[in-house]
Amino acid sequence: MLRLDINLLFTAANLLIWYFLIRRFLFKPINTVISRREEAIASQYTKAKELQEEARAEKERCTEFQAQIEEEKAAAVADAQEKARGEYDRIVTEAREKAEQIVETSKKQAEQEKARIVGKAEQEIRSVIMETAVQSMQSSEGDHALYDQFLTKAGEADAK
């Protein structure tokens, strides 16, 4: 059976003293270290969240910047294509104008050459007619021989 004596009182007092001593010198420093570690972990977790938010914001900014660069690139390409089309049209127009000038010049030269050849042929025909007329006046032969001679000289002029 359980006896109530002074030993029981000393044992209970001893337990209470040990409890307060252990609590004061062992559990309080351990709890302090644990709370500091919890605060450090919470602080690091908060910093990690802040860094993650900053990284997300930086990623969005980079994405926007990249989209802006793509738009500028597309605009530059479209502008270059438009300028190239304009330059192409200008070059084609100049080439057509030069071709028309060349054709026009060639036509004029051909007409001048034709006029020169026709003038030369007319002059030769006149000279042949003159010679024939002179010879017919000087000659006593008949018209038949004179006509044959005219055709012979006309054939020689065409051969030249």
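- Under the 4.5 Å side-chain heavy-atom criterion for Ile, Leu, Val, Met, Phe, Trp and Tyr, I34 and I22 are members of the same hydrophobic cluster.
- Note that OH of Y88 is 9.5 Å distant from OG1 of T93, once rounded to the nearest 0.5 Å.
- A search for side-chain contact (heavy atoms from CB on, under 4.5 Å) contacts involving Q109 returns T105, not counting sequence neighbours.
- Pairs engaging residues 23-52 under the salt bridge (charged side-chain N to carboxylate O under 4.0 Å, His left out) rule: none recorded [sequence neighbours left out].
- For R96, the CZ atom is loosely surrounded, since the number of other residues' heavy atoms within 6.0 Å does not exceed 12.
- By the salt bridge (charged side-chain N to carboxylate O under 4.0 Å, His left out) test, E113 pairs with R116, sequence neighbours left out.
- Members clustered with F10: I6, by chain and number, using a 4.5 Å side-chain heavy-atom cutoff among hydrophobic residues.
- In the displayed structure, E94 atom CD is contacted under 6.0 Å by more than 12 heavy atoms of other residues, nucleotides or ligands.
- Sorted by first and then second residue, the salt bridge (charged side-chain N to carboxylate O under 4.0 Å, His left out) pairs involving residues 66-80 (not counting sequence neighbours) are E70-K73, D79-K83.
- In this structure, E58 pairs ionically with R61, as a charged nitrogen and a carboxylate oxygen lie closer than 4.0 Å.
- A search for side chain to side chain donor-acceptor pair (under 3.5 Å) contacts involving N14 returns W18, not counting sequence neighbours.
- The existence of a salt bridge linking E87 and R90 is confirmed by a sub-4.0 Å separation between a basic side-chain nitrogen and an acidic carboxylate oxygen.
- The neighbour count for E53 CD, taken as heavy atoms of other residues, nucleotides or ligands under 6.0 Å away, is above 12.
- Atom CZ of residue F20 and atom CG of residue L16 lie 6.0 Å apart, to the nearest 0.5 angstrom.
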Derivation of the side-chain contact (heavy atoms from CB on, under 4.5 Å) call for L51 and E54: CA-CA 5 Å; L51 288 174; E54 287 177 16; 4.0 Å; yes

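- Here the straight-line distance linking atom NZ of K114 with atom NZ of K107 works out to 13.0 Å at 0.5 Å rounding.
- Both F25 and I17 are assigned to one and the same hydrophobic cluster, defined by single-linkage of ILVMFWY side chains at heavy-atom distances under 4.5 Å.
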